[in-house]
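Hydrogens, waters and symmetry mates play no part in the numbers below; they use all other heavy atoms, side chains included. The shown structure was predicted, so the numbers you read here are calculated from the model rather than taken from an experiment.
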Amino acid sequence: MENYGYTKTENRQNQQSDVPYRSEKKIPAAILGILVGWLALNKFYLGYTKEGIIQLVLNVVTFGTASIIPFIEGILYLFMSDKQFDDTYVYGKKGWL
């Protein structure tokens with residue numbers, strides 16, 4: 001029997017499970033942490049307003065020395081798997097390293 005271009009829904013579900021998991025926030029958060037971490041934009045991007053303000057205050061008090069923290073976080077974000085990143089920072093709401 002012809003299906004005229006339509007596929008069964010169970011075939012569609014099996015095809016979707018073959019696609020690797022991709023995080024939408026991992027790469028932008030890592031780039032923000034590495035390049036402009038002193039502004040705490042990676043924290044604000046992930047929705048951590050309180051942690052972002054704390055990071056900004058730390059950068060002012062330490063004359064920018066505390067900006068090493070978001071730089072290290074950005075590198076850690078890059079080396080995490082997408083699933084682990086989302087579980088930890090997007091869904092788990094872990095604000096710091």
Side-chain angles (χ1 to χ4, degrees):
M1 178 179 357
E2 293 185 50
N3 60 8
Y4 299 104
Y6 295 103
T7 59
K8 294 181 181 177
T9 56
E10 63 259 4
N11 289 342
R12 202 180 247 171
Q13 291 171 353
N14 290 338
Q15 290 174 353
Q16 289 177 354
S17 65
D18 295 338
V19 177
Y21 184 85
R22 297 293 300 166
S23 174
E24 295 178 5
K25 293 189 172 192
K26 177 183 162 183
I27 299 297
I31 291 171
L32 288 171
I34 292 171
L35 297 180
V36 288
W38 57 276
L39 290 173
L41 293 181
N42 61 326
K43 297 291 185 189
F44 292 117
Y45 179 74
L46 291 173
Y48 302 127
T49 307
K50 181 176 74 172
E51 289 86 351
I53 292 171
I54 291 170
Q55 183 67 46
L56 282 173
V57 170
L58 279 173
N59 285 333
V60 169
V61 169
T62 64
F63 301 108
T65 307
S67 64
I68 192 73
I69 295 169
F71 181 79
I72 292 170
E73 283 181 338
I75 292 172
L76 288 175
Y77 294 166
L78 287 177
F79 286 104
M80 285 181 158
S81 69
D82 290 350
K83 180 76 172 143
Q84 182 183 10
F85 176 83
D86 279 353
D87 289 344
T88 305
Y89 296 106
V90 177
Y91 304 121
K93 297 291 183 185
K94 181 180 177 188
W96 298 102
L97 298 171

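The heavy-atom pair separating Glu51 from Gly95 by the smallest distance is OE2-CA, 3.8 Å. Closest approach of Trp38 and Ser67 over heavy atoms only: CB-CB, 3.7 Å. Closest approach of Asp82 to Ser23, counting heavy atoms only: OD2-N, 3.4 Å. Minimum interatomic distance between Gly52 and Ala40 (heavy atoms only, all atoms of both residues): O-CB, 3.5 Å. Nearest heavy atoms, Leu32 versus Leu41: CD1-O, 3.9 Å. The two residues Gly37 and Pro70 have their closest heavy-atom pair at O-CG, 3.2 Å.
With a 4.5 Å cut-off on side-chain heavy atoms, Asn59 and Thr65 do not count as touching. In this structure the side chain of Ile27 reaches within 4.5 angstrom of the side chain of Ile31, judged on heavy atoms.
The CD atom of Glu24 lies 8.0 Å from the CG atom of Asp86; values are rounded to the nearest 0.5 Å.
Val57 and Ile54 are members of different hydrophobic clusters when ILVMFWY side chains are connected at heavy-atom separations under 4.5 Å. If you chain together hydrophobic residues whose side chains sit under 4.5 Å apart, Leu56 and Ile69 never meet in one group. Residues Leu35 and Phe71 fall within the same hydrophobic cluster, defined by Ile, Leu, Val, Met, Phe, Trp and Tyr side chains chained together at heavy-atom separations under 4.5 Å. Note on Tyr21 and Val90: same hydrophobic cluster, where clusters join Ile, Leu, Val, Met, Phe, Trp and Tyr whose side-chain heavy atoms are under 4.5 Å apart, directly or indirectly. Side-chain heavy atoms closer than 4.5 Å link hydrophobic residues (I, L, V, M, F, W, Y) into clusters, and following such links, possibly through other members, connects Tyr89 to Tyr91.
Judged by a 6.0 Å distance limit and a 45° cone about the ring axis, Lys26 is not positioned over the six-membered ring of Phe85.
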